[in-house]
2 protein chains.
Amino acid sequence: MDETDELLSIRAAELYYEENKTQDEIGQALRLTRWKVGRLLAQAKQRGFIRIEILHPRARRLPIERRLREERGLSDAIVVSSAGVAGPEELQARTAQAAADYLTALRPVPRTLGVSWGRTLYEISQHLRNGWATGVNVVQINGGVSLNRRPGTAAATAVGIAQKGGGQATLLPSPAILERLETKQAIESDRVVAGVIELARSADAYLFSAGAADESSVHVESGYLSVSDVDLLVAKGAVGDVVGRYLDSDGNIVDPALDARTVGLTLDELRQAPLAIAVIAGQAKHPVADAVVRSGLCTVLVTDEATALHLLDG
Amino acid sequence: MDETDELLSIRAAELYYEENKTQDEIGQALRLTRWKVGRLLAQAKQRGFIRIEILHPRARRLPIERRLREERGLSDAIVVSSAGVAGPEELQARTAQAAADYLTALRPVPRTLGVSWGRTLYEISQHLRNGWATGVNVVQINGGVSLNRRPGTAAATAVGIAQKGGGQATLLPSPAILERLETKQAIESDRVVAGVIELARSADAYLFSAGAADESSVHVESGYLSVSDVDLLVAKGAVGDVVGRYLDSDGNIVDPALDARTVGLTLDELRQAPLAIAVIAGQAKHPVADAVVRSGLCTVLVTDEATALHLLDG
DNA sequence: GGCGATTCTGCTCAGATGAGCAGCCGGGCC
DNA sequence: GGCCCGGCTGCTCATCTGAGCAGAATCGCC
């Protein structure tokens, strides 16, 4: 395509997309046949001169979703558009909304849904509508009820999802990470705790997010880990955590001793789940999102456009 | 349109624009008739959910051009797209290119073209192609040959435009602004100078830019004015200059005494021209662009998208 | 300069789309 | 409850558009 044709295709595109002329009219204006105009427009599209964006908080990027499914082996992917996004909070909100939409449309409806907790999960619970399902029971899959700065958030998340879904919530009454291995083992052998974990293992579907390995982590905020603990994990290769378990970029546990003191489903248990929905958004979580997807921690990913493109990069 | 329809129209738009499905196929996917799908898409467009951009340095914004013609009474307007622009320099380059394109396509071809000088005009001269016209003579319409930091730029501009257009350049051998009124009058009464100005008055068309009233002005750079002179002009309401003459937001001369010492066509002479092409781009020139258009200094405006939208705002 | 290969052009035709219209449905008002 | 009105729905039909194709033009190579 030479310079002249390139310019002509731009002129044609202006008349076609901005002035809503027919290809025939454009042909008359530019002294071309309508077939030539059609071909110029096709080339303009094909060479990327035409960008079409859907500007809406609920807009998704289907081509990227398809690539995630095909190139990363996900059984499903939901990618929210970043077009016209105001800030990281809105990105997070859009992603949470998309996750809520996905859950609502999910078929078959899971009888029992295992959930983690955290900012993302809480936001999803807020976005779910009353009656999003009927009879969905919710069970927590990792510990962490009490130590939160805003106590009850973890519980409110699970209870909210359950209530709006017409079911019961089963909380895991345990800290996320215990200081001593013995305490952790003692807690896990408690009849109630063991029962909850058993129920969690039997869930039809899991819904969880991932945390970045930095000082903004919920574990730091909640007091389970200190900033220096996290620094140490990062030094060992940690990119973030899933259900409280810190993993490296290959999806392996970074600190087995710490992991042994962490209450809840293990990463391998999650990996075996037929339906594991990860919801991960934001620049800071790109590395951990990569680890989650590469190591097969989820079958379904809900994320934002930038994160998705990052995943497809490598 | 209720929430459900809004969401549906977004889903439809995704399938239509991103997945290239037909409206019929979308209808099947969303369990709608194809007519409903068509209506949803129409609404999505109409409500602004669909943004179509033409990403190309030569892309123009025809709807904005139309509004400038209709709402600001211009006989023609060229608005270059800001989509995907890298920085102010590229915006300037795109606008200069568009001005060169406009000149090249101009019919009837002017026999004599009056031009000002400055960064913008120089860039336009660079963008013009050899043989852009045949037999177009060029005449400078304001003084300023010698004092430039890069001497000869003003001359090179006029000569370049003329040579590439197969004609002669007539330079105005005079400073832009003189220190004493008597000197200015003496210069103007010089036979050569008077002849050039007479020729300038008789030009078929004028091509000029405008300068912002700040320390980056060419007059400061060239030493005709000091920074404090410009500050004083700003204090008196100056928004910028056209052919060396400083005007306020209503297009009136800010400092009549200074104006009397400025050599070249007057603003009122420009206003009476049947074809006066102003080329003005960049954030810094929004106020002066406004003054130029509002006070009828040009019949044709070549500008960038942001400046055009600023003009249409008020 | 001649010749084959490739690209380009303008066509036919079928599928996709938008305008316009009659019938239907639902809400508001008596 | 009955009636009117506005908006919505699904249709027909005309127009617009893209795929595919045969001939024309152009290019590159000898």
> Do A:Arg61 and A:Glu65 meet the salt-bridge criterion of a basic N to acidic O distance under 4.0 Å?
Replying inline: no

> B:Leu32 CG to C:dT17 P: how many Å, rounded?
Replying inline: 15 Å

> Could you give the CG-to-C1' distance, from B:Asn20 to C:dT17, as a whole number of Å?
Replying inline: 15 Å

List the atom pairs, donor and acceptor, that lie under 3.5 Å between side-chain atoms in residues 104-113 of chain A and the rest of the protein, sequence neighbours left out.
from     : atom 1 : to       : atom 2 : distance (Å)
A:Thr104 : OG1    : A:Ala100 : O      : 2.7
A:Arg107 : NH1    : A:Thr104 : O      : 3.2

> Between B:Gln28 (CD) and C:dA16 (C1'), how many Å, whole number?
Replying inline: 14 Å

>> Measure CD/A:Gln43 against C1'/D:dT17 and give the value in whole Å, please.
In response: 17 Å

>> In this structure, how many angstroms lie between the P atom of D:dA14 and the CG atom of A:Asp24, rounded?
In response: 18 Å

> side-chain hydrogen bond (donor to acceptor under 3.5 Å, both in side chains) between B:Gln28 and B:Asp24: does it pass, once the steps are laid out?
Replying inline: CA-CA 6 Å; B:Gln28 291 176 322; B:Asp24 212 354; 5.5 Å; no

>> Does C:dG10 have OP1 or OP2 under 4.0 Å away from a side-chain N or O of A:Thr33?
In response: yes

> Separation of A:Gln46 atom CD from D:dG18 atom P, in whole Å?
Replying inline: 14 Å

> Measuring from B:Ile277:CD1 to B:Tyr206:OH, what's the distance to the nearest 0.5 Å?
Replying inline: 12.0 Å

> A:Leu40 CG to C:dG10 P: how many Å, rounded?
Replying inline: 12 Å

>> Between A:Glu25 and A:Glu19, is there a side-chain heavy-atom distance shorter than 4.5 Å?
In response: no

> Over how many whole Å does the gap from A:Lys21 atom NZ to D:dT15 atom P extend?
Replying inline: 18 Å

Could you go over nucleotides 18-27 of chain C and give all protein N or O partners under 3.5 Å, atom names and distances?
from   : atom 1 : to      : atom 2 : distance (Å)
C:dG18 : OP2    : B:Gln23 : NE2    : 2.7

>> Contact between B:Ser9 and A:His56 at the side-chain level, heavy atoms closer than 4.5 Å - yes or no?
In response: no

